[in-house]
Amino acid sequence: MGRMTASSGRRVLLAAPRGYCAGVDRAVIAVEKALEQYGAPVYVRHEIVHNKYVVQTLERKGAIFVEQTEEVPPGNIVMFSAHGVAPVVHEEAERGKLATIDATCPLVTKVHKEAVRFADDDYDILLIGHEGHEEVIGTSGEAPDHIQLVDGPGDVAKVEVRDPSKVVWLSQTTLSVDETMETVDALKEKFPQLISPPSDDICYATQNRQLAVKQMGAEAELVIVVGSRNSSNSVRLVEVAKLAGAREAYLVDFADEIDESWLEGVGTVGVTSGASVPDILVEQVLEWLSARGFEDVEIVKAAEESIVFSLPKELRRDLREEAATLVAERGGAGTDSAK
């Protein structure tokens, strides 16, 4: 990548890191490996990651995405998405005679385990996150009698706990770091004995991508975030860019969604992508900008990332055979659909 030349007057600041995090990479590869090993169809409960392009690509390869476990015919394989699921979903799969692959991001699993541990110790757990997000639903399902959702600083006033000396906060992994800490500060003001999680719940990738956007937001008049609208971490990047000083920031799935009017009066464009976005989509945005005079690209490097997660252990087994056995042992139709 080149740096801005004195004559161009137009440049692109390209965030690093950007795009796939280790948890997303693991989940996407898990679907591809499952299709390779077991053949289609492989069912996936909810979008494996929140990205339109990724989901469409996997559908063409034979993945079938469903909203509810009950939609999967008995004797088949179902994969749980990177966002995690509540224990009740595992029970649904067992009742439905399904072989399962758990592609939950290990960092989400960590939050689940924290929730279980604090619930076992009878703490009130304040889960900071966005209502309706799959990750929040999954974490809440680990200890529904102990967890209450706090959706930002505005929710703090209505929070009530049984014992102010036994209260802990946990968070969704894809939130804005600054907004989360604002919520935590408000909670601590109300509950001075509030305990923090033993390690940071907001994942390293979310933090690194936000840090890069903060660095370039002060220089870029326009920031383009590549990502889907149901991607929490991508939406947060747009918010962070505006707070960092960018005049405008927009979220797009594809380069052809960019409006040329956004470039009026703009000399510097920042480009980044959410943690569930393959880099081919960023490359297409760079090509689109280059064709309009933004040829010089400067990397804004906020951190190095080298984390890799191993694939789900279930991929080491013959899940087609397991699914057929479940149907045979428990009765019911579905063996043909497993083929």
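The structure displayed is predicted, hence computed values, not measured ones. These numbers come from the heavy atoms of this one structure, side chains and all, not from hydrogens, waters or symmetry mates.
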Spacing of CG belonging to Asn51 relative to CG belonging to Leu281, to within rounding of 0.5 Å: 6.0 Å
Given 3.5 Å as the limit, does a donor-acceptor pair link the side chain of Glu71 with the main chain of Glu67, or not? yes
Sub-3.5 Å donor-acceptor pair from the side chain of Gln37 to the main-chain atoms of Leu315, do we have one? yes
How many angstroms lie between atom CE of Met79 and atom NE2 of His46, to the nearest 0.5 angstrom? 15.0 Å
I'd like to check the ring pair (Phe, Tyr, Trp, His ring centres under 6.0 Å) partners of Trp169; sequence neighbours left out, ordered by chain and number. none
The criterion is ring pair (Phe, Tyr, Trp, His ring centres under 6.0 Å); which residues satisfy it with Tyr123, sequence neighbours excluded? Phe118
Residues joined to Val225 in its hydrophobic cluster, side chain to side chain under 4.5 Å directly or through other members, sorted by chain and number, are Leu13, Val213, Met216, Val223, Val235, Leu237, Val238, Val240, Leu251, Val300
Measuring from atom SG of Cys21 to atom CD1 of Ile307, what distance do you get when rounded to the nearest 0.5 angstrom? 9.5 Å
Just grab all the salt bridge (Lys or Arg N to Asp or Glu O under 4.0 Å) pairs involving residues 26-46, residues at least two apart or on different chains. Glu32-Lys61
Taking only residues at least two apart or on different chains, which pairs with a member in residues 270-286 satisfy side-chain hydrogen bond (donor to acceptor under 3.5 Å, both in side chains)? Arg18-Asp279
Starting from the C-alpha separation in whole Å, work towards a yes-or-no answer on side-chain contact (heavy atoms from CB on, under 4.5 Å) for Val266 and Glu248. CA-CA 10 Å; Val266 171; Glu248 294 291 349; over 6 Å; no
What is the distance from atom CG of Leu211 to atom NZ of Lys301, rounded to the nearest 0.5 Å? 13.0 Å
How would you list, by chain and number, every residue that makes a salt bridge (charged side-chain N to carboxylate O under 4.0 Å, His left out) with Arg317, sequence neighbours excluded? Glu322
CA sep, side-chain torsions, deciding dist, call: Ile48, Phe65, side-chain contact (heavy atoms from CB on, under 4.5 Å): CA-CA 8 Å; Ile48 187 68; Phe65 294 89; 4.1 Å; yes
Which pairs pass side-chain hydrogen bond (donor to acceptor under 3.5 Å, both in side chains) with one or both residues in residues 229-239, sequence neighbours excluded? Glu47-Asn230, His130-Arg236, Gln172-Ser232, Thr174-Ser232, Ser231-Asn233, Ser231-Ser234, Ser232-Arg236, Arg236-Glu239
Applied to residues 201-222, the salt bridge (Lys or Arg N to Asp or Glu O under 4.0 Å) test, sequence neighbours excluded, yields Arg11-Glu219, Lys110-Asp201, Asp178-Lys214, Arg209-Glu305
Transitive ILVMFWY cluster of Val116, excluding itself - 4.5 Å side-chain cut-off: none
Distance (rounded to the nearest 0.5 Å) between Ile224 CD1 and Ile258 CD1: 4.0 Å
Taking only residues two or more places apart in sequence, or in another chain, which ones meet Phe80 in a ring pair (Phe, Tyr, Trp, His ring centres under 6.0 Å)? His90
What residue pairs, at least two apart or across chains, pass salt bridge (Lys or Arg N to Asp or Glu O under 4.0 Å) with a residue in residues 144-162? Asp122-Arg162, Asp124-Arg162, Asp155-Lys158
Lys52 backbone acceptor or donor facing Ser228 side chain under 3.5 Å: yes
Please collect all salt bridge (Lys or Arg N to Asp or Glu O under 4.0 Å) contacts where either partner lies in residues 285-294, sequence neighbours excluded, each pair once. Glu260-Arg292
Polar side-chain atom of Lys188 near backbone of Leu194 as donor-acceptor pair, under 3.5 Å: no
Reported CG-to-CG distance for the pair Leu58 and Leu35, which is rounded to 0.5 angstrom: 7.5 Å
Please check this pair: side chain of Gln210 against backbone of Leu175, looking for a donor-acceptor N/O pair closer than 3.5 Å. yes
Counting neighbours of CD on Glu131 that are heavy atoms of other residues, nucleotides or ligands and sit closer than 6.0 Å, is the number greater than 12? no
Is the backbone of Glu321 close enough, under 3.5 Å, to the side chain of Thr325 for a donor and an acceptor to pair up by distance? yes
Apply side-chain contact (heavy atoms from CB on, under 4.5 Å) to Asp102 and Glu314, showing your working. CA-CA 8 Å; Asp102 191 350; Glu314 296 93 338; 3.6 Å; yes
Report the C-alpha distance between Leu289 and Leu263 in whole Å, list the side-chain angles of each, state the deciding distance to 0.1 Å, and finish with yes or no for side-chain contact (heavy atoms from CB on, under 4.5 Å). CA-CA 9 Å; Leu289 289 168; Leu263 300 178; 4.0 Å; yes
